[in-house]
Amino acid sequence: MPEIRVTPLGAGQDVGRSCILVSIAGKNVMLDCGMHMGFSDDRRFPDFSYITRSGRLTDFLDCVIISHFHLDHCGALPYFSEMVGYDGPIYMTQPTQAICPILLEDYRKIAVDKKGEANFFTSQMIKDCMKKVVAVHLHQTVQVDDELEIKAYYAGHVLGAAMFQIKVGSESVVYTGDYNMTPDRHLGAAWIDKCRPNLLITESTYATTIRDSKRCRERDFLKKVLIPVFALGRAQELCILLETFWERMDLKAPIYFSTGLTEKANHYYKLFIPWTNQKIRKTFVQRNMFEFKHIKAFDRAFADSPGPMVVFATPGMLHAGQSLQIFRKWAGNEKNMVIMPGYCVQGTVGHKILSGQRKLEMEGRQVLEVKMQVEYMSFSAHADAKGIMQLVGQAEPENVLLVHGEAKKMEFLKQKIEQEFRVSCYMPANGETVTLPTSPSIPVGVSLGLLKREMAQGLLPDAKKPRLLHGTLIMKDSNFRLVSSEQALKELGLAEHQLRFTCRVHLHDTRKEQETAVRVYSHLKSVLKDHCVQHLPDGSVTVESILIQAAAHSEDPGTKVLLVSWTYQDEELGSYLTSLLKKGLPQAS
Amino acid sequence: MKLYCLSGHPTLPCNVLKFKSTTVMLDCGLDMTSTLNFLPLPLVQSPRLSNLPGWSLKDGNAFLDKELKECSGHVFVDSVPEFCLPETELIDLSTVDVILISNYHCMMALPYITEHTGFTGTVYATEPTVQIGRLLMEELVNFIERVPKAQSASLWKNKDIQRLLPSPLKDAVEVSTWRRCYTMQEVNSALSKIQLVGYSQKIELFGAVQVTPLSSGYALGSSNWIIQSHYEKVSYVSGSSLLTTHPQPMDQASLKNSDVLILTGLTQIPTANPDGMVGEFCSNLALTVRNGGNVLVPCYPSGVIYDLLECLYQYIDSAGLSSIPFYFISPVANSSLEFSQIFAEWLCHNKQTKVYLPEPPFPHAELIQTNKLKHYPSIHGDFSNDFRQPCVVFTGHPSLRFGDVVHFMELWGKSSLNTVIFTEPDFSYLEALAPYQPLAMKCIYCPIDTRLNFIQVSKLLKEVQPLHVVCPEQYTQPPPAQSHRMDLMIDCQPPAMSYRRAEVLALPFKRRYEKIEIMPELADSLVPMEIKPGVSLATVSAVLHTKDNKHVLQPPPRPAQPTGGKKRKRASDDIPDCKVLKPLLSGSIPVDQFVQTLEKHGFSDIKVEDTAKGHIVLLQEAETLIQIEEDSTHIICDNDEMLRVRLRDLVLKFLQKF
């Protein structure tokens, strides 16, 4: 029995370390290869030894697909390909391919240079890893091998984010990665066609949230604030938001962006305009939205200068780097504010302060008291419950599998999906395998002659009298053809064996044979209205291709013998005729 | 399968393919060479043009002198320029389901088709094709609309009058169908019918046909198309290039195994080598500028100009031209330069990798930044303040009949210091120059056409091996001017089928198979038997369901259980449906084993007689006779159905069913 198997190595009932193994029709695909922000030990990377303990990963995996450039989706890639060892193809979109190595390098620097970790991947490994990447275009059908094909759809989560369809024959799986169903200031909405996959693997970060419109969130947004962000992604969205707000309200307070990375990052956005939303694409010739007037580069010294300011600082979950430094500096003053614009993974400072913790234990047993205001405003571009339901409705999957979310919230969404769409919904934990039996139909070639012969008999199938198509399936190697039986015999060089029956039916009739034949003819003609009944010049009667001849009985002149002769192909009719004639002929009126 | 050929221009094709149940238009090219018959539209009043003498017949009759003007022995129509449209009468264009566009030059007739023929289908094109195509149309509309012309000549088109005109007006075809340019509103409406596609995207048409665009290597977003069903494949090759310029390389492998390959859009200058031409372009440009002259390059706002700017970027410093201003004048100059930088995914590998740095893929960004290249929407406005000579001007239109180029021709034509360099291959440069004669300025012809030449074509055909090639008639004979060059034509076996304007071709292939899906339940019930090593057979009796052009075989329904209630039957209910076919039989019956089987089943008194062709088995008691031959069996018996069915089933045991 063919089946689809799915095992999350990460992101199973969890956010972070996205890595999902899919086996479909004998092909093995790894979806995403992320790191976990909440851990700095072994648990930060997926456990690849699950895939194979002894063999090479390349032998086991047909391909790896990366949905977008966030580190929780690609952060383990150099470790996976260079340190564990994988040489097969890695597919991602071009913006992801451009931005991913920069974020990996950034991550490596923090881990090795700042935290002093040993046995981490090197810059060279990032480069070598990226050499294995094959860029895919939106909607392009990429033939991984003769049977396995993948196709990317727009996901709208960050620049270059994509959903992927993985297809073998008539079986398919769609993996959403992270996506957003509502267009924002710089990205469009995710979209997929009615591709009816066997399984839809969807993120569920905001499984229980139904977000209000964005406007009201923006109004009470602007004070003197620290906004921890990741250099690429939401940062650009917030920059556009503040830029337009500053312009509209003619505000003078400075806005700073903390790392040199951003200017470079904005360059990427300028070069990948086709991946942004409709409005930006339409107006970019007149004004490129990623050229900011009000946003300036941040210098460390500015943190101590008086007066209001807005500072964007990386990274976004306050787990390291400049955002954490500024946070420590400003945390003591209740007039300051930190705005967390996105999801924070468990274990990070961001997550702690969002869950209400006000005394934080820092490195070296220091305790940091947080007096500043802490605000959470979801600007991260994930689909909310409504959006997830919308996508399920668009794709019409047979089954749904939830990843990238918290177990409790998943539970809620799972019920909702099962109720509304009447499909099975799964939410495996990490290391847990979901198996879905499939029953793919078998494509064969039907000879046009046979098909047309069948279709010519009327297009609408009659429910009461279903017509049957008869043919012979010729299976040669992997080539399957359905042809008419005559053609099959001919092709195989076989002769037809004709099986013929001739039955003697005795009739009491004193008239001459010819007259008997006429009586038989008129009798059959009146009974078999839908059939072709003919009286031939030689005196015989035919019904379709069945031949009836009348002969004299050799001994009894009062009896005539009807010879009814038919082939096996007319079995039913022949048999019917003999029993009909046996009952005798009606008296001539 | 039929091909309706609506355009006679080999590089601006417009064909309609009827394939299975779909009607697919392949490209929508607009033949603009018709404009060469018209007088140029000057941006500023030109005394020279307005004082040209009217043309009169040999007998002195001057009734056409308002419409036709004479310039250096050539006659031109003094009217708004008109274009030669594809045929609109050969096939009802409202029945076209989809239009596939292969590159931005081949979509210029789109508004005429989508807006005026009742077309209700979808147009498919890549994003760069649409964006740059829009720019080309915008420029065209702008060029024509900004110099409104009061006069619209139509008298000369009268068939009886056209006969009296000198060549080439006399020989112009279908002048009655020539049309003026469309409006921006029509352009926008036409473009709104386009659906964007990516290379190698599989697009289903009504479940019957699949179309796929492939990179063709000729221009940004240019594509060839595959039109296929599961068993038939048509490749449409239009405007392809194997040279390494800025676009993504051509995808040749996917064209393999085509039943028919329709080949259009080859190079228009098969004898010119594009690389050599670029070198000549640079050296002539440098020579003129060094001597204090100006250089005029009539061009389209996108395409080869990107390559020329890149060459100049590498060349100007070494040639000592760094102080010479380069002007690019077009209503869409800015857009074209900006758009070129955002389509990294559609560019060649070298340019793609630049965006990873991140740097703009084309070096003209740097030329603009360093003020070496300046762009203006027209000669009016800022340009007149910045204008310095000597300089190099890139501007349109390459026909020299409208656009800012007309102004520069008038301005610079009188001085032999200046040079006009023709790089676009679409118009004969001599014809383009005709209304400006006599000219003092130098004219250099460096046509750069990167499309396939005949050597590349024959290599390509050997590589992809289509069963049949279809092409415009121009490609099946050497060019008229080089009739001895037998190498300048398509050479393939079987010989290519050629088409000309307004012709309908029946394409030479027969469809034999169609895809059908066997439902898993039905597949499970099939019993395959091996006939020969590696060949198995299974008889199939199934219910055919056809929906949206997809065929599915489902298991036959179980015979309905006799329902209770009324048992009364009419006689006709018993009559079997003769359409229920029995399988065919094959094999032969070994007499000895057959007799043994009969005995095992209780028949006795069996006699076997040999005949010429086989045997007769006699069951004397039952007065039954069975004739057995190599490939037939005949059971002759009394009307004893029980017996007959028993014998039948015993015979069937020895035969295979089909």
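What you see below is based on every heavy atom in this structure, not just the backbone, and it leaves out hydrogens, waters and symmetry mates. No experiment lies behind these values; they were computed from the predicted model shown.
In this structure, the side chains of B/Leu537 and A/Leu492 come closer than 4.5 Å at one or more pairs of heavy atoms. Using a 4.5 Å heavy-atom cutoff, the side chains of B/Ile342 and A/Pro274 are in contact.
Atoms OG and OH, from A/Ser447 and B/Tyr231 in turn, are 10.5 Å apart once rounded to the nearest 0.5 Å. Atom CG of A/Leu451 sits about 12.5 Å away from atom OH of B/Tyr513, to the nearest 0.5 Å. In this structure, B/Glu514 CD and A/Lys452 NZ are separated by 9.0 Å, a value rounded to the nearest 0.5 Å. If you take CG on A/Leu138 and CD on B/Glu127, they are separated by 9.5 Å, rounding to the nearest 0.5 Å. Note that NZ of B/Lys532 is 6.5 Å distant from CG of A/Leu494, once rounded to the nearest 0.5 Å. Atoms CD and CG, from A/Gln569 and B/Leu584 in turn, are 5.0 Å apart once rounded to the nearest 0.5 Å.
No part of B/Leu522 comes within reach of chain A, as not one of its non-hydrogen atoms sits under 4.5 angstrom from that chain. Heavy-atom distances place the backbone of A/Pro440, and not its side chain, under 4.5 Å from chain B. Of the atoms belonging to A/Val483, it is side-chain heavy atoms, and not backbone ones, that fall under 4.5 Å from chain B.
The residue from A/Val444, A/Val446, A/Leu482, A/Thr472 that alone fulfils the side chain to side chain contact (heavy atoms under 4.5 Å, CB included) condition with B/Val540 is A/Leu482.
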message: Between B/Ile518 and A/Phe480, is the side chain to side chain contact (heavy atoms under 4.5 Å, CB included) condition met? List the steps.
response: CA-CA 11 Å; B/Ile518 296 184; A/Phe480 287 29; over 6 Å; no
- request: Decide side chain to side chain contact (heavy atoms under 4.5 Å, CB included) for A/Leu448 and B/Arg512; before the verdict, give the C-alpha distance in whole Å, the side-chain angles of both, and the deciding distance to 0.1 Å.
  value: CA-CA 5 Å; A/Leu448 218 53; B/Arg512 287 182 204 283; 5.6 Å; no
message: Using the rule given for salt bridge (charged side-chain N to carboxylate O under 4.0 Å, His left out), can you reason through B/Arg644 versus A/Glu571, listing the C-alpha separation, both sets of side-chain angles and the distance that settles it, and then say yes or no?
response: CA-CA 11 Å; B/Arg644 188 186 66 82; A/Glu571 175 72 359; 3.1 Å; yes
Worked verdict on B/Glu641 versus A/Ser575 for side chain to side chain contact (heavy atoms under 4.5 Å, CB included): CA-CA 8 Å; B/Glu641 187 67 3; A/Ser575 160; 2.8 Å; yes
Criterion side chain to side chain contact (heavy atoms under 4.5 Å, CB included) on A/Tyr568 and B/Lys657, from CA distance to verdict: CA-CA 11 Å; A/Tyr568 176 61; B/Lys657 290 180 184 175; 3.9 Å; yes
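Across all their heavy atoms, B/Ser586 and A/Ala495 have their closest contact at OG-O, 2.9 Å. Heavy-atom minimum distance, B/Ala523 versus A/Ile442: CB-CD1, 3.3 Å. The shortest non-hydrogen separation linking A/Arg281 to B/Leu196 is NH2-CD1, 4.1 Å. The minimum heavy-atom distance between A/Arg504 and B/Asp638, with the atom names listed, is NE-OD1, 2.8 Å. Closest non-hydrogen pair, B/Val355 versus A/Ala98, comes out as O-CB, 4.5 Å. Scanning all heavy atoms of the two residues, the minimum distance from A/Leu499 to B/Leu585 falls at CB-CD1, 3.8 Å.
In this structure, B/Lys202 pairs ionically with A/Glu149, as a charged nitrogen and a carboxylate oxygen lie closer than 4.0 Å.
Between chain B and the options A/Leu562, A/Asn479, A/Ile474, the largest number of non-hydrogen pairs under 4.5 Å is found for A/Ile474. Note: B/Cys637 leads B/Cys637, B/Gly198, B/Pro528, B/Pro360 in heavy-atom pairs under 4.5 Å with chain A.
For the residue pair A/His497 / B/Thr633, a side-chain donor-acceptor distance below 3.5 Å is found, with atom types taken as modelled.
Below 30°, between 30° and 60°, or above 60°: for A/His137 and B/Tyr199 the angle between ring planes is between 30° and 60°, a tilted geometry.
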